[in-house]
Amino acid sequence: MTSDTATASTGRPSSRTGETWTIAQVAEEFDVTHRTVRHYEDLGLISPERRGTQRVYHRRDRTRLGLILRGKRLGFPLEEIRTIIDLFDAPRGRRTQLEYVLGQIDERRTDLEQRLRDVQDAIAELGEFERRCRDDLGRLDHV
């Protein structure tokens, strides 16, 4: 695929040609605000290149941002997300990261399953309370 072909289909050059993005493009792609992107930069979770006052995002920054947002959707706190992402840079990066992530997934799943049970119990309690209220209302209508 040539750079021209990639540009025609995506409006940007192929990633194989050192593709970069602006903060506006990254924010739009991930449907977040510029402020959110800058916040993750301030926390050191992403590190765009600086060209004067302009931030220049590379594939690594986009990958990290995608992982951050996925982690947030799954309910991981930012410090856990940082640990997981930073493991990519550690020796044995992928293996260490996968082992760590699997442990975190087990913990997260256990937490979510407990929350699900709590929500189901709350719904059942609301249903019982609703039934009693309707019974009381029905008795009042017959008085």
Novice: Roughly how far apart are L45 CG and R82 CZ, rounded to 0.5 Å?
Specialist: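 These two atoms lie 4.5 Å from each other.
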Novice: When Ile, Leu, Val, Met, Phe, Trp and Tyr are grouped by side-chain heavy atoms lying under 4.5 Å apart, directly or through other members, which residues fall in the same group as L140?
Specialist: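 Hydrophobic cluster check, L140: no partners found.
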Novice: Which residues pass the salt bridge (Lys or Arg N to Asp or Glu O under 4.0 Å) test with R115, not counting sequence neighbours?
Specialist: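 Partners of R115 under the salt bridge (Lys or Arg N to Asp or Glu O under 4.0 Å) test: D111.
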Novice: Do D86 and R64 have side-chain heavy atoms sitting under 4.5 Å apart?
Specialist: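 Yes - at least one pair of side-chain heavy atoms lies under 4.5 Å apart.
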Novice: I'd like to check L78 versus K72 (side-chain heavy atoms, cut-off strictly below 4.5 Å). Are they in contact?
Specialist: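 L78 reaches K72 side chain to side chain.
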Novice: Would you please name every residue forming a side chain to side chain contact (heavy atoms under 4.5 Å, CB included) with V26, sequence neighbours left out?
Specialist: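 Applying side chain to side chain contact (heavy atoms under 4.5 Å, CB included) to V26 gives W21, F30, V37, Y57, R62, L65.
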Novice: To the nearest 0.5 Å, tell me how far E80 CD sits from R108 CZ.
Specialist: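 If I round to the nearest 0.5 Å, the distance is 10.5 Å.
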Novice: Under 4.5 Å between any side-chain heavy atoms of T22 and V56, yes or no?
Specialist: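 The answer is no, as the side chains (C-beta and beyond) never meet within the 4.5 Å cut-off.
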Novice: Keeping the roles fixed (side chain from T36, backbone from V32), state whether a donor-acceptor pair exists under 3.5 Å.
Specialist: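 The answer is no, because no donor-acceptor pair under 3.5 Å joins these two groups.
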Novice: Which hydrophobic side chains are connected to I123, either touching it within the sub-4.5 Å cutoff or through other members that do?
Specialist: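 Its cluster mates, by chain and number, are V119.
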Novice: Under the salt bridge (Lys or Arg N to Asp or Glu O under 4.0 Å) rule, collect the residues that match up with E28, sequence neighbours excluded.
Specialist: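 Scan of E28 (salt bridge (Lys or Arg N to Asp or Glu O under 4.0 Å), adjacent residues dropped) gives none.
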Novice: Return each pair, listed once, that meets salt bridge (Lys or Arg N to Asp or Glu O under 4.0 Å) where at least one residue sits in residues 117-127; pairs must be two or more places apart or across chains.
Specialist: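 Every candidate salt bridge (Lys or Arg N to Asp or Glu O under 4.0 Å) pair involving residues 117-127 fails, so no pair, neighbours aside, qualifies.
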Novice: Restricting to side chain to side chain contact (heavy atoms under 4.5 Å, CB included), what partner residues turn up for E107, sequence neighbours left out?
Specialist: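 Counting only residues at least two positions away or on another chain, E107 forms a side chain to side chain contact (heavy atoms under 4.5 Å, CB included) with Q104.
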Novice: Can you list the residues that meet the side chain to side chain contact (heavy atoms under 4.5 Å, CB included) rule with L74, with sequence neighbours excluded?
Specialist: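 Side chain to side chain contact (heavy atoms under 4.5 Å, CB included) list for L74, sorted by chain: R70, F76.
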Novice: Filter on salt bridge (Lys or Arg N to Asp or Glu O under 4.0 Å), then keep only pairs touching residues 134-143, sequence neighbours left out; what's left?
Specialist: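 Non-adjacent pairs meeting salt bridge (Lys or Arg N to Asp or Glu O under 4.0 Å): E130-R134, R131-D135, D136-R139.
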Novice: Under the salt bridge (Lys or Arg N to Asp or Glu O under 4.0 Å) rule, collect the residues that match up with E41, sequence neighbours excluded.
Specialist: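 Result, salt bridge (Lys or Arg N to Asp or Glu O under 4.0 Å) vs E41: R50, R55.
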Novice: Could you tell me whether a side-chain N or O of D61 sits under 3.5 Å from a main-chain N or O of S47, the two making a donor and an acceptor?
Specialist: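 Indeed, once roles are kept as given, a pair shorter than 3.5 Å links the two residues.
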Novice: To the nearest 0.5 Å, tell me how far I46 CD1 sits from I68 CD1.
Specialist: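 Nearest 0.5 Å value for the CD1-CD1 distance: 6.0 Å.
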Novice: Does the side chain of L67 come within less than 4.5 Å of I84's, by heavy atoms?
Specialist: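 No, every pair of side-chain atoms sits at 4.5 Å or beyond.
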Novice: Name all residues meeting the side chain to side chain contact (heavy atoms under 4.5 Å, CB included) criterion together with H34; count only those two or more places apart in sequence or in a different chain, and write none if there are none.
Specialist: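 Applying side chain to side chain contact (heavy atoms under 4.5 Å, CB included) to H34 gives I23, A24, A27, R38.
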Novice: Can you name the residues that form a salt bridge (Lys or Arg N to Asp or Glu O under 4.0 Å) with R109, not counting sequence neighbours?
Specialist: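 In terms of salt bridge (Lys or Arg N to Asp or Glu O under 4.0 Å), with neighbours along the sequence ignored, R109 is linked to D106.
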